[in-house]
There are 2 protein chains.
Amino acid sequence: MPDIKHFDPDVALERVEELFWQRGAATTSIQAVATTTGLNRSSLYATFGDKRDLYLAALRRYVRVRAEPALRRLAQDERGLPAIREFFAELIEARCSGAYAGWGCMIVNAHAGAECADPAVQTLLNQHFEYLRDALRDALDTACHQDQVAEGITAEAADVLTLLAYGVNLRSRAGADADTLHHAVTVTLAQLARDL
Amino acid sequence: MPDIKHFDPDVALERVEELFWQRGAATTSIQAVATTTGLNRSSLYATFGDKRDLYLAALRRYVRVRAEPALRRLAQDERGLPAIREFFAELIEARCSGAYAGWGCMIVNAHAGAECADPAVQTLLNQHFEYLRDALRDALDTACHQDQVAEGITAEAADVLTLLAYGVNLRSRAGADADTLHHAVTVTLAQLARDL
DNA sequence: ATCATCTTGGAATGTCCGTTCCAAGATGTC
DNA sequence: GACATCTTGGAACGGACATTCCAAGATGAT
């Protein structure tokens, strides 16, 4: 083995992911990626392939690192409705304040961009949609078994919550304030909850 | 008056709107606009200004022609819940089949793109969001007065329906099938409706 | 018919894009 | 220490981009 990479591809990919997440695929140039990561274009191409490959790698990293862990936690949470409430509260918090405020969700952003025409991207988007829906369904199922939900409510209501989450992610990008988003979520969950 | 335009700016703008709507602002070149409209670049610049101006004009046209008429109808509809049901049914129909299938909503798409950083665009997006919410609130208010809604449901639930509509628009771009979207809407509206 | 004025087509400009190429340098093996 | 092999920096490429400019043509007013 003659020479080894002078950088850590995983660290670099994290930077790339943040760039594509914040600014989108179409409006982020390879030059910008090179500058941000501190790498040369040659190294980028040698390591990740062309721009499409790079974007796909970044998107996959986003799904794996940023999205799925939270969803796994939600799906396995035994608290039912409180877990769902917390999930949305943390989502809104993350979207409206902190380092990533106004960035939205990379998956949701990809829906509206030209990336979406790419079959590989579309597969990822649909998989993640179902992953989110399944996690919400599991949590709702738990809530049902604990008699937390109003009469007539089943785990089918997960479909609503999934689209609601997408709407929250989207609106956060236009600077929607956290209170407004929180209100919508509270109203929705109040409808699901059993009257006390 | 020495010479008059050899084309109708309104007709041209409709073409431009469709182009930006389908392909987004970042990935649509002035050249593509010129080709599609059959106009020369000079004429485009002389008539509409630069690309940003052109996009803004197209977005404003979309709001005025495509979005607001349907919302005005919804707000003034005296039927209550059935009007809301019909609104969503027509939305899903328009997004999943016909000439504009897979295009989503231009306003929603703008949320996720780089356009969103433009203050003028952001103002339009927020105005439209409130316009949609107000229309749904009006319709829901009508439903409340006609005792169509379940106990505890008020016009506040419009917040939920607004984000739901955004979610529908978004998901339709990734090829979500109409049945899935319809299901989510049906479940939501069933929760609002008074048990019979 | 003349003229001033606007539109129009096409060429031209300079920048930025994604991508490739190559020489120079670094590294592990023998 | 020599060699083979990979990485790296920087230059180079062709194409596409938004935008501007200008000469030619068309038009209405006089």
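Below, all heavy atoms of this structure are taken into account, side chains as well, without hydrogens, waters or symmetry copies.
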Expressed in angstrom and rounded to an integer, what is the separation of [X] atom [atom1] from [N] atom [atom2]?
X      : N       : atom1 : atom2 : answer
D50(A) : dT19(C) : CG    : P     : 5 Å
L54(A) : dT19(C) : CG    : C1'   : 13 Å
L44(B) : dC17(D) : CG    : P     : 14 Å

inquiry  = Across nucleotides 3-14 of chain C, 5' to 3', mark each nucleotide with B, S or - according to how protein heavy atoms within less than 4.0 Å reach it.
reply    = --BBSSBB----
request  = Could you walk me through whether T162(A) and D159(A) pass side chain to side chain donor-acceptor pair (under 3.5 Å), step by step?
outcome  = CA-CA 5 Å; T162(A) 314; D159(A) 289 18; 5.4 Å; no
key: Contacts of type ring-ring contact (aromatic ring centres under 6.0 Å, His included), residue F129(B), not counting sequence neighbours   = Y166(B)
message = Run the ring-ring contact (aromatic ring centres under 6.0 Å, His included) test against Y100(B) and tell me which residues pass, sequence neighbours left out.
response =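 Partners of Y100(B) under the ring-ring contact (aromatic ring centres under 6.0 Å, His included) test: W21(B), W103(B).
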What donor-acceptor contacts under 3.5 angstrom involve side-chain atoms of residues 69-86 of chain A, with partners at least two apart or in another chain?
from: R72(A); atom 1: NH1; to: Y131(A); atom 2: OH; distance (Å): 3.3
from: D77(A); atom 1: OD1; to: R79(A); atom 2: N; distance (Å): 2.9
from: D77(A); atom 1: OD1; to: R79(A); atom 2: NE; distance (Å): 3.0
from: D77(A); atom 1: OD2; to: R79(A); atom 2: NE; distance (Å): 3.4
from: D77(A); atom 1: OD2; to: R79(A); atom 2: NH2; distance (Å): 2.8
from: R79(A); atom 1: NH1; to: E86(A); atom 2: OE1; distance (Å): 3.3
from: R79(A); atom 1: NH2; to: E86(A); atom 2: OE1; distance (Å): 3.4

key: side chain to side chain contact (heavy atoms under 4.5 Å, CB included) between V16(A) and Y55(A), worked out   = CA-CA 8 Å; V16(A) 177; Y55(A) 176 76; over 6 Å; no
Using the 3.5 Å cut-off, write out each protein N or O paired with an N or O of nucleotides 15-17 of chain C and the distance between them.
from: dC17(C); atom 1: OP1; to: S29(A); atom 2: OG; distance (Å): 3.2

message = So if I apply the salt bridge (charged side-chain N to carboxylate O under 4.0 Å, His left out) rule between E18(A) and each of R66(A), R23(A), R61(A), which one comes out positive?
response =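 Among the candidates, only R66(A) passes.
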key: E130(A) vs N126(A), side chain to side chain contact (heavy atoms under 4.5 Å, CB included): CA-CA, chis, key distance, verdict   = CA-CA 6 Å; E130(A) 295 195 1; N126(A) 289 326; 5.6 Å; no
Between side-chain atoms of residues 89-96 of chain A and protein atoms elsewhere (two or more places apart, or another chain), which donor-acceptor pairs fall under 3.5 Å?
from: R95(A); atom 1: NE; to: N169(A); atom 2: OD1; distance (Å): 2.5
from: R95(A); atom 1: NH1; to: G104(A); atom 2: O; distance (Å): 3.2
from: R95(A); atom 1: NH2; to: Y62(A); atom 2: OH; distance (Å): 3.4
from: R95(A); atom 1: NH2; to: N169(A); atom 2: OD1; distance (Å): 3.4

